[in-house]
Structure formats: C-alpha cells, structure tokens
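Structure first, commentary second.
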Number of protein chains: 2
Amino acid sequence: MVSDPNVYFAKTLEKGLTVLGLFDKDHSRRTLSEISRLAGINKTSTYRLVNTLVLLGYLSKNARSKALRLGPKALLFGHTIVQGYELLHMVKPLIDEVHRLCNVTIDSTLVDGQTLLALYRREASSTLFFRQPLASEDLHARATGKAVLSRMDQSDLETFLAKAPFKKITPNTIDQASVLLRQIEEDRNRGYSINNEEYLQGLICIGAPLMNFQTGKVAGAISFDLPTTEYTIESLISTYAGQVTKLANDISELVTMNES
Amino acid sequence: MVSDPNVYFAKTLEKGLTVLGLFDKDHSRRTLSEISRLAGINKTSTYRLVNTLVLLGYLSKNARSKALRLGPKALLFGHTIVQGYELLHMVKPLIDEVHRLCNVTIDSTLVDGQTLLALYRREASSTLFFRQPLASEDLHARATGKAVLSRMDQSDLETFLAKAPFKKITPNTIDQASVLLRQIEEDRNRGYSINNEEYLQGLICIGAPLMNFQTGKVAGAISFDLPTTEYTIESLISTYAGQVTKLANDISELVTMNES
DNA sequence: CCCACTGTTACTATAATAGTAACTATGTTA
DNA sequence: TAACATAGTTACTATTATAGTAACAGTGGG
C-alpha cells in the first residue's frame with residue numbers, strides 16, 4: 001500500500017480501494033478478518049470500510065455466514081471504469097479489424113512500471129483456452145514482455161534484470177539473463193519478438209512493442225497467439241511478422257496521440 | 001449519493017468512489033471543477049480526493065491542461081473487480097456454449113432495484129453493432145426488461161409503472177402502461193418476452209427471466225438478439241423460444257445456488 | 001491588459017477515524 | 001455440556017483527518 005503523509009491525500013479512500021481490490025477472480029469471497037489481515041488495517045476500521053461498501057452495494061454480505069463478496073454495484077462500477085478508459089476504445093477497432101481478417105488471437109498490454117497490464121484481447125474461437133492474467137510481471141516469458149524489454153531504457157531494464165533468474169513457467173522459459181539479453185537485442189533489430197512455448201506449452205506468439213513516438217518510450221505491446229498444432233515458429237514469422245509490426249505501429253500512433 | 005449518519009460509515013470512501021465513478025465511456029476526461037460540481041463536493045476536498053487517486057495511479061493528470069482521466073491502475077482495478085464477480089464465471093460457460101451452437105448474440109443482465117445491469121454478453125460476429133448499455137432503466141423497451149417485469153412482484157412493478165408513459169426510443173417502443181401490462185401478462189404465461197424493434201430498429205430479441213428459485217424472486221434476464229434481415233418475430237420464436245427458456249432455467253439454478 | 005476561470009495552497013474548527021477493549025455469536029474440542 | 005477459540009459487532013475517546021473559507025497562482029479568451 002503506497003502512502004503519503006500529504007495533507008492532500010485521503011487515506012480512507014486509499015484503504016477502501018485496497019479493500020475492494022482484494023476481491024478478484026481467485027478470491028471472490030472473503031471474511032472480515034481476512035481483509036483486515038491482508039490490508040493491514042485494524043478490525044474496527046476494516047469493519048467501517050466493509051460496512052460502507054456493503055451499504056453502498058459494492059459488497060454484499062451473507063446474513064448467516066457473514067461472508068463478503070462483490071455486489072452488483074461493483075460489477076457496474078468495474079465495467080464503467082474499464083469502458084471509461086479512453087485508449088481502449090481507440091485500440092479496439094484496429095484489433096478487431098485485424099482479428100476479422102486473420103482470425104487470430106490478439107492481445108494488447110500496457111506497461112506500468114515493471115508490470116504488463118491487460119488492455120484488450122480478442123480471441124480466435126479456436127485458440128486453446130488459458131486464463132489470461134490481468135497483470136503480469138513475467139516479462140521474460142511472454143512475447144509482449146520481450147517486445148517491451150527490447151525498447152525499455154537502460155535503467156528500467158537493469159531494474160528488471162536485477163531479479164534474474166526468472167521464474168521458470170514451462171521447460172522453454174528463459175531463465176538466464178544472458179540469453180534473454182541476446183534475444184531482446186535481436187528483437188530490437190527486427191522489430192518483433194517471439195514466444196516459443198515459454199509461457200504455455202502448445203502456444204507460440206509473435207509480439208511487437210507499442211511506442212510513444214513523441215517521448216520515444218515504450219508504452220506496451222501487442223501479440224498474436226497461435227497453437228503449435230497449426231504453426232511453427234517459421235510459419236508464424238513469415239505469416240504474421242508484417243501484420244503484427246504494422247498493427248503495433250498503428251496503435252502506437254494512437255498511444256502517442258492519447259498521451260499528449 | 002447515498003448517505004448514512006452511521007459511525008461505521010466512511011464518508012471519504014463514498015466520495016472517492018463517486019469521483020472515480022464519474023469517469024465512463026462518454027466522459028473519459030474531466031476537470032477538477034467539473035468533478036467538484038457533479039459530485040457536490042467542495043473544491044478543496046475534491047482536490048484532495050483527486051490528488052489521492054492520481055498518486056495511487058487510478059487517475060492520471062495532464063501536466064499542462066490538468067485534465068484528468070483514468071490511469072492504468074484503474075483499468076486493472078476495473079478488470080479485477082469484474083473478474084472477481086463470482087456469478088460471471090458461473091454464467092459464462094453456459095452462454096458461450098449456446099453461443100457456439102447457435103451463433104447468436106446473447107445478453108445477460110441482473111436486476112438491481114429498477115435497473116438492469118449488464119452481466120455478460122457474447123456477440124455473434126454478424127450482429128449489427130450498437131452500444132450496449134452497462135446499466136439501463138428502459139425495462140419497457142427491452143426483451144430482458146420485459147422478462148424481468150413479467151416476474152416482478154406487485155409493489156416493485158407499481159413503482160416502475162409510476163413513471164409511465166415510458167421513454168419512446170424507436171417508433172415501436174411501447175409507451176402505454178396498459179399495452180405493456182397486457183404484454184408482460186402474456187410473457188409470464190408463455191415464459192419468454194419479445195422485443196420487436198422497440199429498442200433499436202432492425203433488431204428483434206427474445207428474452208427470458210432469471211429466477212432465484214429459493215426466494216421466488218426475479219434476479220435478471222437473458223436475451224437472444226437477432227437482425228430483422230434474417231429473422232421475423234415468428235421465426236425467432238419458433239427457432240429460439242425453447243433455447244432461451246432452457247438457458248434461462250440453467251442460469252437460474254446457478255443464480256439460486258450463488259445467492260444462498 | 002484585464003477578466004474569468006481553474007487549479008493550488010494555508011489555515012483551523014469541526015467532524016471523522018483509529019485503536020482499545022469489551023461483548024456477542026458461532027462453531028469446535030475435550 | 002462446558003470450555004475454548006475465532007469472527008464479528010459495538011462503545012468509547014484521543015487523535016488526526018477533513019471540510020470549508022479564503023487567498024493566491026496559472027492560463028486562456030476577449
């Protein structure tokens with residue numbers, strides 16, 4: 001929990017958002033004590049926050065078990081916020097169009113510090129299903145991650161490398177900094193990155209970075225995901241390298257416009 | 001803004017959520033004064049709240065123009081919350097499966113007071129595109145709305161009827177309570193409702209209510225949406241009436257389980 | 001250049017929150 | 001059944017955060 005001893009900082013709001021943010025896909029039900037423990041807020045204050053969220057409809061409380069879960073208001077709130085994210089609406093039609101033409105799964109992510117955040121994803125009906133993370137720190141194991149790393153500035157890259165070796169997710173996952181560095185060097189030159197079953201077995205991906213042309217900074221990345229049953233790395237590159245860099249370029253223009 | 005003079009109620013949290021909720025699809029950029037005015041919070045307090053949200057990354061502020069918009073953290077937060085809504089994950093596979101079989105656009109909504117909230121929507125690729133509302137009070141003009149009305153209890157129905165005649169959205173929209181009452185009476189008997197271009201010209205829909213079997217209360221509704229270019233009301237009913245009521249029944253079981 | 005407006009900061013009375021502690025409810029173990 | 005453990009709720013204040021006023025700064029338009 002970030003804190004700031006500023007007069008113009010509403011601590012109660014920070015805590016309330018922390019509480020609400022504890023409810024996610026893997027934790028749709030929580031108890032008061034659990035929330036108190038996880039958020040590091042004392043029981044009475046937690047009770048006040050939770051009670052507020054219940055009264056406002058963001059949480060609902062089971063009358064018997066007292067178990068808490070998200071309420072309908074939270075669903076609306078979440079939807080509203082996601083829809084209110086301007087860049088999403090700028091990016092969506094471009095991705096949908098390429099998806100329509102190629103019938104391929106396309107993923108777009110934004111970089112926030114050392115984390116990749118899901119922006120918009122359009123799935124081909126045939127893609128093998130896996131749970132897409134909303135936020136990921138496994139940049140070393142994803143096509144989008146390597147695309148971002150290939151354009152990151154030196155200091156940020158060093159921060160990232162500091163925690164090497166990286167989490168081994170599949171047998172193919174790169175866990176040595178030297179190998180990763182060689183790859184992203186190559187990716188920088190050719191303009192796209194490859195994921196060879198490094199994140200999920202059976203899935204290969206080709207990614208390209210999203211740039212803010214004005215600042216020269218990397219803003220995120222996109223990737224096309226395909227099953228190994230239908231593609232090899234070579235056919236993936238020959239089929240999609242042009243498309244993915246073109247799309248990344250188009251989206252980069254939107255990102256640049258949006259951030260200025 | 002709901003308020004409560006309770007000791008166990010965090011007003012600052014309420015206000016902060018109100019501020020964040022002001023950012024939606026049609027209002028992705030806002031100014032401090034605007035927020036202050038809309039939320040009914042004085043300028044300094046608004047400044048504190050906004051500043052907090054900026055520091056936490058939920059909002060980002062343009063350094064020059066001072067314009068505010070949602071930040072990456074808000075996108076993640078919104079996604080996390082939506083994904084944290086348990087019922088969504090229970091309902092999704094059922095809807096996806098019927099979508100796969102029928103290649104039809106399926107919409108599911110939950111009723112919250114007098115409002116329909118979007119739960120999950122799966123679009124057929126061919127559907128004519130329109131902007132799906134996240135929250136709607138136009139129950140009289142939608143298949144889901146009429147499905148819900150057909151199972152609402154008397155007092156809630158009267159509350160709803162109190163604001164008749166209803167907003168005319170297309171030439172076909174029903175704006176007389178008597179006509180609407182006759183229709184929902186029929187819908188109650190046959191188990192499904194029809195929308196004959198009453199919400200959008202060129203779009204006809206068939207809906208069915210979601211029930212909590214344990215409490216006997218209506219919890220929401222689903223609908224299949226189809227273009228008039230491919231279907232008539234008659235062919236819509238003969239093709240989908242069985243499917244939609246079956247799916248509604250299956251989802252109702254989940255709703256019942258979920259709410260107990 | 002002035003005006004009107006938005007955003008920022010200083011200041012303090014007032015109101016809200018944190019934290020302790022006691023109490024209740026519920027379920028578990030001996 | 002009693003004792004115990006745990007989770008949730010409430011009462012009570014010292015402390016501290018916030019609301020609101022007012023003054024100031026920055027910006028763009030006329």
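Owing to the predicted nature of the structure, the values given are computational and were not obtained by experimental measurement. Residue numbering restarts at 1 for every chain, and letters A, B, ... go by the order of the sequence lines.
Residue contacts shown for Ser33(B) are limited to sugar-phosphate atoms, with no base heavy atom under 4.0 Å away. Contacts of Thr31(B) with the nucleic acid, taken as non-hydrogen atoms under 4.0 Å apart, involve only primed sugar atoms and P, OP1 or OP2.
Taking side-chain N and O atoms only, Lys66(B) has no distance below 4.0 Å to OP1 or OP2 of dG26(D). In this structure, Ser45(A) reaches the dA18(C) phosphate: one of its side-chain N or O atoms is under 4.0 Å from OP1 or OP2. For dT17(C), neither phosphate oxygen OP1 nor OP2 lies less than 4.0 angstrom from any side-chain nitrogen or oxygen of Lys11(B). Note on Lys61(B): a side-chain N or O is less than 4.0 Å away from OP1 or OP2 of dT8(C). Here Lys15(A) reaches the OP1 or OP2 of dA18(C): one of its side-chain N or O atoms lies under 4.0 Å away.
The distance from atom CG of Leu49(A) to atom P of dA16(C) is 15 Å, rounded to the nearest whole Å. Note: CZ (Phe9(B)) to P (dA17(D)) measures 20 Å, nearest angstrom. The CG atom of Asn51(A) sits 12 Å away from the P atom of dT17(C) (whole-angstrom rounding). Regarding Arg30(A), its CZ atom lies at a distance of 14 Å from the P atom of dA7(D), rounded to whole Å. Rounding to whole angstrom units, CD1 of residue Ile35(B) and P of dC5(C) are separated by 19 Å. Rounded to whole angstrom, the span from the CD1 atom of Ile41(B) across to the C1' atom of dT6(C) amounts to 17 Å. Residue Glu34(A) contributes atom CD, which lies 16 Å from atom P of dT6(D) at whole-angstrom precision.
Remark: Lys167(A) NZ is loosely packed, at most 12 non-hydrogen atoms of other residues, nucleotides or ligands lying under 6.0 Å away.
Between the side chain of Tyr47(A) and the base of dA7(D), no donor-acceptor pair under 3.5 Å is found. For Arg48(B) against dA17(D), a side-chain-to-base donor-acceptor contact under 3.5 Å is absent.
Taking the charged nitrogens against the carboxylate oxygens, Arg142(A) and Asp107(A) do have a contact shorter than 4.0 Å, which makes a salt bridge. A salt bridge between Lys73(A) and Asp112(B) is absent, with no side-chain N of the basic residue lying under 4.0 Å from a carboxylate O of the acidic one. Taking 4.0 Å as the cut-off between side-chain N and carboxylate O, Asp250(B) and Lys246(B) count as a salt-bridged pair.
Comparing dT18(D), dT21(D), dG8(D) against the side chain of Thr44(B) picks out dT21(D) as the nearest. Distances were taken from every side-chain heavy atom of Lys43(B) (C-beta onward) to each of dT8(C), dT18(D), dT21(D); the shortest belongs to dT8(C). Here dG20(D) is the nucleotide among dT18(D), dG20(D), dT17(C) with the atom lying nearest to any side-chain atom of Asn42(B).
When ring centroids are compared, Tyr120(A) and Tyr85(A) stay outside the 6.0 Å threshold.
Between Leu87(B) and Leu110(B) there is a side-chain heavy-atom pair separated by less than 4.5 Å.
Each of Leu13(A) and Leu32(A) was assigned the nucleotide of DNA chain D with the nearest heavy atom; the assignment lying further toward the 5' end belongs to Leu32(A). For the pair Arg64(A) and Thr12(A), nearest-nucleotide mapping onto DNA chain C gives the more 5' position to Thr12(A).
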